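Quick caveat, the model's predicted, so the values are computed rather than measured.
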There are 2 protein chains.
Amino acid sequence: MNNALLAPIKCGDCPIRHRAVCARCDDDELTQLESMKTYRTFAAGDVVLWRGEPLEFVASVVSGVASLSKTMEDGRTQMVGLLLPSDFIGRPGRTEIEFDVTATTEITLCCFSRLPFEKLVDRTPHVAQRLMELALDELDAARDWMLLLGRKTAREKIATFIEMLTRRAQLDQSGSVEALDLPLTRDQIANYLGLTLETVSRQFSALKKDGIIDFSDRRHFVVNDLAALHEETGDDADGGILS
Amino acid sequence: MNNALLAPIKCGDCPIRHRAVCARCDDDELTQLESMKTYRTFAAGDVVLWRGEPLEFVASVVSGVASLSKTMEDGRTQMVGLLLPSDFIGRPGRTEIEFDVTATTEITLCCFSRLPFEKLVDRTPHVAQRLMELALDELDAARDWMLLLGRKTAREKIATFIEMLTRRAQLDQSGSVEALDLPLTRDQIANYLGLTLETVSRQFSALKKDGIIDFSDRRHFVVNDLAALHEETGDDADGGILS
DNA sequence: TCATATGTTTGATCTAGGTCAAAGTTTGTT
DNA sequence: AACAAACTTTGACCTAGATCAAACATATGA
């Protein structure tokens, strides 16, 4: 199978590459997708989807960041995923989700109505194949995170998180060396890493004191030494966390 | 779509229902599957697949239990999944895995060579659909486990684990009330739950002291009070962990 | 501009679960 | 039966990270 043909492509005027769509889609398919496309914007803090709510659309993140999270009865919450630009929301064949999706920054989604989209998927096996790819990528990411949650120290967790944000930013913005956006509050980061917000703050301070990162303000950081940062993640040389 | 048609069915003389195969498979497809089927048995402790090793086969677990695990350079390990009878091993479109698969008890797999199986999948969209279902189930299970690893106490983790084993046993053996098999050592359970083996042992002792479970020997337990056990899991009434 | 709300940092203290150590159990082997 | 290897339990102690508390920033709005 030709991998180039499976590479994600741009779709209309979206600034991102839709991972669910690829160069094997013919013009007719792309036109159909284009015609069912609508944009939706949510403010930081808005809930995009509640757990158990019927799914009306699938979507790609065009800009901004959203979180997937699970909450226990007593309020303890754990993020189970982060949606960054170009990530896909949708579960082929499922009509609901079992976690909340919340915008952590202002976010714009490129939405496709679920039913027409699924009909298109049923007719086009290579799109179905691509969605399977995405599901397996998410599964790999979830399992990497299980290792992080179960076995890493607070410092390793923070280093892994910053490295992941840096990698993603490099992928998307092709290597700008400016300060990067920290799209979550300390509290949200804590919920992502299985820590408390105080521990997150302390570890940020420690990494800063050690000269590995710097903060221009509390929502923007710079990595001074990527190799040193990687050393702190606990992952082996080639790097465990991807996507 | 008719759900009954998507229910897993028995395949030849396997004592389990293959989740990857369903009643929509026609006789021709079933015959093809039957012809590419081989059984493999591994002793407790054997590695079924190493991380990074090319996948030669996909398989269903017929009997016994295997674990999926990730290991850090310094030896810390975290299980990222358990394979119980009827579970499926295989990643459509992927040629390798990024975790180790190890038999934790003697295990028998019903294997299908990967390439012929994938060709069959490509020809039969409903099997592809079913594999997508399985991937999404795994993803849901992984995310439930992320909540467990990130936010639950040792006691809640142990209770959740025992409840999960009990649920699965009820599903498979239709409600026998005898002692259930504990298919992992204390050390393996610790690696599954993000704990140490000593903590696992102490929590087992505590639950026993509280009359919630009993041990006939160290590899067999009885749940005296399922409702009380559920109370200890931290999950809400309807129960979070499925699979 | 001041006031109030929302985040963040830092310090002091506490504790769940880890670590270290030793004694029991079970299982398999000769 | 006796020994060894593997696994489990229990106790004593320790520590990473949680909890509690207070000061400090930064933003929003009247």
Would you mind telling me which residue lines up with the more 5' stretch of DNA chain C, Leu184(A) or Arg151(A), judged by nearest nucleotide?
Leu184(A)
Phe161(A) and Tyr192(A) aromatic ring geometry - parallel, tilted or perpendicular at 30°/60° bounds:
perpendicular
[atom1] of [X] versus [atom2] of [N]: gap in Å, rounded?
{"X": "Glu106(A)", "N": "dA27(D)", "atom1": "CD", "atom2": "P", "result": "17 Å"}
{"X": "His220(B)", "N": "dT26(C)", "atom1": "NE2", "atom2": "P", "result": "13 Å"}
{"X": "Phe204(A)", "N": "dT10(C)", "atom1": "CZ", "atom2": "P", "result": "13 Å"}
{"X": "Ile158(A)", "N": "dA16(D)", "atom1": "CD1", "atom2": "P", "result": "16 Å"}
{"X": "Asp217(A)", "N": "dA25(D)", "atom1": "CG", "atom2": "P", "result": "14 Å"}
{"X": "Arg202(B)", "N": "dA12(D)", "atom1": "CZ", "atom2": "P", "result": "11 Å"}
{"X": "Phe215(B)", "N": "dT8(D)", "atom1": "CZ", "atom2": "P", "result": "10 Å"}
{"X": "Arg76(A)", "N": "dA18(D)", "atom1": "CZ", "atom2": "P", "result": "13 Å"}

Among Leu68(A), Asp46(A), Val47(A), which one satisfies side chain to side chain contact (heavy atoms under 4.5 Å, CB included) with Val101(A)?
Leu68(A)
So if I take every side-chain heavy atom of [X] and compare against [options], which nucleotide ends up nearest?
{"X": "Thr153(A)", "options": "dT8(C), dT19(C), dG17(D)", "result": "dG17(D)"}
{"X": "Thr196(A)", "options": "dT8(D), dT19(D), dG17(D)", "result": "dT19(D)"}
{"X": "Thr185(B)", "options": "dG17(D), dC7(D), dT10(C)", "result": "dC7(D)"}
{"X": "Arg186(B)", "options": "dG18(C), dT8(D), dT9(C)", "result": "dT8(D)"}

So does Arg91(B) pair up with Glu138(B), basic N to acidic O under 4.0 Å?
no
Counting any heavy atom closer than 4.0 Å, what does Leu195(A) reach on the DNA or RNA strands: base, sugar-phosphate only, or nothing?
sugar-phosphate
Name the nucleic acid region contacted by Gly45(A), choosing base, sugar-phosphate or nothing; use a 4.0 angstrom heavy-atom cut-off, strictly under.
nothing
Any N or O donor-acceptor pair under 3.5 Å from the base of dG17(C) to the side chain of Arg155(B)?
no
Using the closest heavy atom to pick a nucleotide of DNA chain D for each, name whichever of Arg218(A) or Thr199(A) lands nearer the 5' end.
Thr199(A)
Identify, between Glu198(A) and Arg219(B), the residue whose nearest nucleotide on DNA chain D lies closer to the 5' end.
Arg219(B)
Using only heavy-atom distances, determine whether the side chains of Thr160(A) and Thr233(A) contain a donor-acceptor pair under 3.5 Å.
no
Phosphate-side-chain proximity, Ser201(A) and dT10(C), N/O vs OP1/OP2 below 4.0 Å
no
Only one of Arg94(B), Arg51(B), Lys70(B) passes salt bridge (Lys or Arg N to Asp or Glu O under 4.0 Å) with Asp140(A), and that residue is Arg94(B)
